[in-house]
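Below, read A as the first sequence line, B as the second, and so on, with proteins coming before strands; counting in each chain starts at 1. Every heavy atom of this structure was used, including side-chain atoms; hydrogens, water molecules and symmetry mates were not.
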Amino acid sequence: VAKTSLSSPPWPEVKLPDPAEEAKHHAEVVQKVNELIAAGHYGRLFAVVHFASKQWKITSEDLIMMDNSLEAECGDRIRLEKVLLVGADDFTLVGRPLLGKELVRVEATVIEKTESWPKINMRFWKRHNYQRKNIIVHPQTVLRINTIDIFPCLV
Amino acid sequence: MVLLGAARWVRSRLTDRFWRRQEVLKHARHFRGRKNRCYKLAVRSVRRAFVRSTKARREKKKFLRALWITRIEAASLEHGLKYPAFISNLVKSQVELNRKMIADLAIYEPKTFKSLAALAQRRRQEGFLAALGDGKEPEGIFSRIVHHY
């Protein structure tokens, strides 16, 4: 085909590596990470957890405050299940979109259940004698992340 | 004899005017000028402050998202990817991290961000290959390409 402006795509030509070699390389990496996890050669683990419709980046001994109330009482141990990402210094496990429950375990304790400071909602239209003031106090919960554990069951 | 209310000819004076004014002035104590001391000026300033804080609560969400996007763009350009390519390829690879998380990872976990950028780059290349298809010409009469050589 003659070389015109539309005869080849506008992006540079792409060559992917050989699939067999790549599969071998992937298996090696997975085995190495599995060995690291099994031997416990990691320092502090961090995790990205989806909780209370927000995503949090947490480690152990972390405090988290949510803008709503939980059904658990103060002092209850809770397991956070929707884990999106777990990482240490040498490796990261990225979930697509979530990681398995047999792979990660994140535990937290409910510490405090309070109310927020009184937030003021005010609307005002000038020259119309219209003003409304509404004071909102909503419940908050404080959690302490106790532990993040990973288990060596990578495939 | 017990009277449940005062008689009509008994009149009362407002006695807690001071505290009603203090309720407004306490929100104005950190303002500048006479509006932190004088009630008539403080009422107007405090009302504007409350209205502005309600509106700002809605703008804060937009502002923070723009900030995260700027940070992600800067970090992904360091790894040779533009922001739309990075985000679209991450979403296509079923990684559901939101912009706040990716910005935090870019700041505090640079190695993790590098691996995410590599993932997005690889997915982008696979997308290019898939877009090219087989490289053969399409069949049919009206879609046939005429060769002049």
Checklist entry - Does the pair B:Arg122 and A:Leu16 meet the rule for a side-chain contact (heavy atoms from CB on, under 4.5 Å), with working shown? => result CA-CA 9 Å; B:Arg122 174 56 190 260; A:Leu16 287 185; 3.5 Å; yes

Next on the checklist: So for atom CZ, which belongs to A:Arg79, do other residues, nucleotides or ligands contribute more than 12 heavy atoms lying within a distance under 6.0 Å?
Outcome noted: yes

Item to check | Side chain, backbone, both or neither of A:Phe46 within contact of chain B (heavy atoms, under 4.5 Å) | outcome: side chain

Checklist entry - Under a single-linkage definition using a 4.5 Å side-chain heavy-atom cutoff for Ile, Leu, Val, Met, Phe, Trp and Tyr, are B:Ile72 and B:Leu81 assigned to the same hydrophobic cluster? => result yes

Checklist entry - For A:Leu84, is it the side chain, the backbone, both or neither that has a heavy atom under 4.5 Å from a heavy atom of chain B? => result side chain

Item to check | Heavy-atom contact with chain B under 4.5 Å, split by part of A:Pro10 | outcome: neither

Checklist entry - With distance as the sole test, does A:Gln55 use its side chain to make a donor-acceptor pair with the main-chain N or O of B:Asn98 at under 3.5 Å? => result yes

Item to check | Pairing residues for B:Phe128 by the ring-ring contact (aromatic ring centres under 6.0 Å, His included) criterion, not counting sequence neighbours | outcome: A:Trp11

Item to check | A:Glu13 portion near chain B, given a 4.5 angstrom heavy-atom threshold | outcome: neither

Next on the checklist: Check this for me: A:Lys113, atom NZ, are more than 12 non-hydrogen atoms of other residues, nucleotides or ligands nearer than 6.0 Å?
Outcome noted: yes

Checklist entry - Donor-acceptor pair, B:Thr54 side chain versus A:Met122 backbone, under 3.5 Å? => result yes

Checklist entry - Within a reach of under 6.0 Å around CZ of B:Arg57, are more than 12 heavy atoms found that belong to other residues, nucleotides or ligands? => result yes

Checklist entry - Heavy-atom count around B:Arg32 CZ within 6.0 Å, excluding the residue itself: above 12? => result no

Next on the checklist: Taking A:Leu36 as the starting point, is it possible to reach A:Leu103 by hopping between hydrophobic residues whose side chains are less than 4.5 Å apart?
Outcome noted: yes

Next on the checklist: Are more than 12 heavy atoms, taken from residues, nucleotides or ligands other than A:Lys54, located less than 6.0 Å from that residue's NZ atom?
Outcome noted: yes

Checklist entry - Mind checking whether A:Ile150 and A:Val94 sit in one hydrophobic cluster, side chains of I, L, V, M, F, W, Y counted as touching below 4.5 Å? => result no

Checklist entry - Under a 4.5 Å side-chain heavy-atom rule over Ile, Leu, Val, Met, Phe, Trp and Tyr, are A:Val142 and A:Trp56 clustered together? => result no

Checklist outcome for this item: Under 4.5 Å to a heavy atom of chain B? For A:Leu98 that would be neither

Item to check | For chain A, which residues of residues 4-25 of chain B have heavy atoms nearer than 4.5 angstrom | outcome: none

Item to check | Most chain B-contacting option - heavy-atom pairs closer than 4.5 Å, from A:Leu85, A:Ile120, A:Asn121 | outcome: A:Ile120

Checklist outcome for this item: Rounded to the nearest 0.5 angstrom, the CE-NE2 distance for B:Met101 and A:His50 is 10.5 Å

Checklist entry - So which of B:Arg52, B:His148, B:Glu109 has the largest heavy-atom pair count under 4.5 angstrom toward chain A? => result B:Glu109

Checklist entry - Which residues, numbered in order, of residues 89-97 of chain B come under 4.5 angstrom of chain A by heavy-atom distance? => result B:Ser93, B:Gln94, B:Val95, B:Glu96, B:Leu97

Checklist entry - More than 12 non-hydrogen atoms from neighbouring residues, nucleotides or ligands closer than 6.0 Å to CZ on A:Arg44, yes or no? => result yes

Item to check | Contacting moiety of B:His27, where chain A heavy atoms sit under 4.5 Å | outcome: side chain

Item to check | Heavy-atom neighbours of A:His25 NE2 exceed 12 at 6.0 Å | outcome: no

Checklist entry - What is the distance from atom CZ of B:Phe50 to atom NZ of A:Lys119, rounded to the nearest 0.5 Å? => result 14.0 Å

Checklist entry - Going hydrophobic residue to hydrophobic residue with side-chain gaps under 4.5 angstrom, can you get from B:Leu119 over to A:Val48? => result yes

Next on the checklist: By the salt bridge (Lys or Arg N to Asp or Glu O under 4.0 Å) test, which pairs, at least two apart or in different chains, include something from residues 83-93 of chain A?
Outcome noted: A:Asp89-B:Lys111

Checklist entry - Checking A:Lys15 against chain B: side chain, backbone, both or neither under 4.5 Å from a heavy atom? => result neither

Checklist entry - Counting only heavy atoms not in A:Phe151, do more than 12 fall under 6.0 Å of its CZ? => result yes

Checklist outcome for this item: Cut-off 4.5 Å, heavy atoms of chain A, and the answer for B:Ser115 is side chain

Next on the checklist: Run the side-chain contact (heavy atoms from CB on, under 4.5 Å) test on B:Lys100 and A:Lys57 for me, step by step, so that the C-alpha distance in whole Å, both residues' side-chain angles and the decisive distance to 0.1 Å come before the verdict.
Outcome noted: CA-CA 10 Å; B:Lys100 168 175 138 199; A:Lys57 180 185 161 302; over 6 Å; no

